[in-house]
Amino acid sequence: METEGGGEARITVRHTERYAEFIEESCCSKFFMGPNPSLARFVYGLIFLATNLLAWAVRDYGRSALSDLKRLKGCKGARDCLGTEGVLRISFGCFIFFFTMFLTTVGSRKLNEPRDSWHCGWWPAKIILWIATMTLPFVVPSAFIQLYGEIAHFGAGIFLVIQLISVVSFITWLNDCCYSERYANRCRLQFLILSVAAYFTSILGIVLMYIWYAPKPSCKLNIFFITWTLVLIQVTTFVSVHSKIKAGFLAPGLMGMYLVFMCWCALRSEPRTEICNKKADAATKSDWLTIISFVIALLAIVIATFSAGVDSRSFQFKKKETQSEDDVPYGYGFFHFVFAMGAMYFGMLFIGWNMHHTMKKWTMDVGWTSTWVRIVNEWLAACFYIWMLVVPLIWKNGWRPEST
């Protein structure tokens, strides 16, 4: 005969066992094997962030911490596995990992198919794969890494174009959503305030760039960059409010902020010895400011790669009106392709787009090559935005990207 206390103990044990089984099924199986697309993309983002941190560590602190690399045949006394080449080797390993994921997930359409399970689960196997791809480039000859560095210039350019299209598509989608019948009448005042704030921020940014980066009339190049940015803002606004387009003021205001941000990034990338760059001089005198700027830039790379990776619909020429419940929430193949190009992109940022350029500690994307890459990207963004507004007038049933 069981006592009352013994019965309660057995009930407690059974509840504990059931709770343990629930935790095991909902957490362990979901994390290691179960498909969970929302969780998976964040895990890939963390892997990408860890790779960026590894590249930074190899570049800035590799010579003191990785002395054991002297024994590797492909490193020639560790000289070719640290610094610029060390970054390229890490970048190459990251590219191999995500390109492998791209090849094994491209074409995924439905949930719970084998490619979906591979994308969303099997994390122990993929962690092992990541470690292997991080190690493999360090036994590759230096000549091959140099070749990869040349190819990475093009891959990084592809990433910038993808990012550009994603940002501009989001701005136009947000503008269309705000001016739709659902919100146009209810939130007209809010949209007006937001538009004015966007234009005010853009003009303030222009003024500050004149003060910080064009303090003297001799800074002709910087004056040209800033003035041309102001011209682009006016042109995009004029096209947006044209009587045949009527896109409103919100989208060009947000585009103005984006153009000013790109121009600021370009001016900030000018070499530290440039006399027109007062902010660069201040950064060299304030170590904490340099570190904060570096951390923000590092997080910006990861966020930009992540946001562009999940925005596959902006790159579809044929849009699906409805989405089934068993359709994948985002394009797995496109997601990994963006991360593969992002691997080349962060490699270029860490070496200043120049394989023969030595970067200082806690710096990123510094050099005249970086400056011109940013400026050209800004001009392309303005051209793409104008093209998106004008092309429907040319092709009445033409394609217009939309964001997820």
Side-chain angles (χ1 to χ4, degrees), residues 153 156-157 159-161 163-164 167-168 198-237 252-301 303-304 345-346 348-354 357-385:
H153 284 83
F159 175 82
L160 286 174
V161 172
Q163 182 188 25
L164 180 154
V167 171
V168 176
Y199 276 104
F200 176 79
T201 304
S202 301
I203 298 302
L204 179 61
I206 293 290
V207 172
L208 291 177
M209 286 192 295
Y210 274 122
I211 296 174
W212 291 337
Y213 300 103
K216 301 177 181 178
S218 58
C219 302
K220 296 180 180 179
L221 184 60
N222 287 0
I223 293 175
F224 167 73
F225 288 158
I226 301 170
T227 305
W228 187 246
T229 300
L230 181 60
V231 172
L232 290 177
I233 294 175
Q234 299 303 317
V235 172
T236 53
T237 302
L254 297 176
M255 270 303 300
M257 293 177 58
Y258 181 65
L259 296 177
V260 169
F261 172 74
M262 293 300 298
C263 183
W264 172 77
C265 289
L267 297 175
R268 186 180 173 278
S269 296
E270 291 180 354
R272 302 303 188 195
T273 56
E274 176 59 36
I275 59 174
C276 295
N277 193 340
K278 285 188 175 182
K279 299 301 290 182
D281 295 336
T284 56
K285 296 177 183 178
S286 304
D287 292 337
W288 64 270
L289 184 60
T290 303
I291 294 174
I292 292 175
S293 300
F294 176 84
V295 172
I296 293 175
L298 184 64
L299 293 177
I301 297 174
I303 294 173
Y345 177 64
F346 85 71
M348 292 297 101
L349 293 188
F350 273 106
I351 67 174
W353 297 81
N354 189 345
H357 177 57
T358 301
M359 299 284 290
K360 295 181 179 179
K361 287 186 177 181
W362 296 100
T363 59
M364 185 187 302
D365 199 23
V366 176
W368 282 114
T369 305
S370 300
T371 298
W372 280 104
V373 167
R374 294 292 187 182
I375 285 294
V376 172
N377 195 41
E378 175 200 346
W379 297 346
L380 288 176
C383 293
F384 181 72
Y385 173 74

- Tyr210 OH: over 12 foreign heavy atoms closer than 6.0 Å: yes

- Find out whether Met209 and Val260 are in side-chain contact, i.e. whether some heavy atom of one side chain is under 4.5 Å from a heavy atom of the other. yes

- Query: Can you name the residues that form a ring-ring contact (aromatic ring centres under 6.0 Å, His included) with Phe225, not counting sequence neighbours?
  - Reply: Trp372

- Message: Thr371: which residues meet the side chain to side chain donor-acceptor pair (under 3.5 Å) condition with it, sequence neighbours left out?
- Response: none

- For the residue pair Trp228 and Phe224, categorise the inter-ring angle as parallel (less than 30°), tilted (30 to 60°) or perpendicular (more than 60°). parallel

- Task: Please report the shortest heavy-atom distance between Val168 and Ala381, naming the atom on each side.
- Result: CG2-O, 4.1 Å

- Heavy-atom check, side chain of Trp368 versus side chain of Leu221, under 4.5 Å: yes

- CD1 of Ile375 to OG1 of Thr229: how many Å apart, nearest 0.5 Å? 5.5 Å

- Item | Partner residues of Thr236 under the side chain to side chain donor-acceptor pair (under 3.5 Å) criterion, sequence neighbours left out | none

- Message: Let me confirm one number: the CH2-SG distance from Trp379 to Cys263, rounded to the nearest 0.5 Å.
- Response: 9.5 Å

- Gly253 to Ser202 - nearest heavy-atom pair and separation: O-OG, 3.8 Å

- Answer whether the closest heavy-atom distance between the side chains of Leu230 and Ile203 falls below 4.5 Å. yes

- Query: Taking all atoms of both residues into account, what is the closest heavy-atom pair of Met257 and Thr201, and its distance?
  - Reply: CE-CG2, 4.2 Å

- Item | For the student: nearest non-hydrogen atoms of Cys219 and Ala214, plus distance | CB-CA, 4.1 Å

- Counterpart residues, side chain to side chain donor-acceptor pair (under 3.5 Å), relative to Tyr258 (two or more places apart): none

- Task: Quick one: which residue pairs count as a salt bridge (charged side-chain N to carboxylate O under 4.0 Å, His left out) with a foot in residues 374-384, not counting sequence neighbours?
- Result: Asp365-Arg374

- Task: Apply side chain to side chain donor-acceptor pair (under 3.5 Å) to Thr237 and list each qualifying residue two or more places apart in sequence or on a separate chain.
- Result: Tyr199

- Note on the structure: To the nearest 0.5 Å, atom CE of Met262 lies from atom CG of Leu164 at 7.5 Å

- Message: Nearest 0.5 Å, please: how far is OH in Tyr345 from CH2 in Trp353?
- Response: 6.5 Å

- Distance in Å, Asn222 CG paired with Glu270 CD, rounded so as to fall on 0.5 Å steps: 4.0 Å

- Say you draw a straight line from CG of Leu259 to CG of Leu254; how long is it, rounded to the nearest 0.5 Å? 11.0 Å

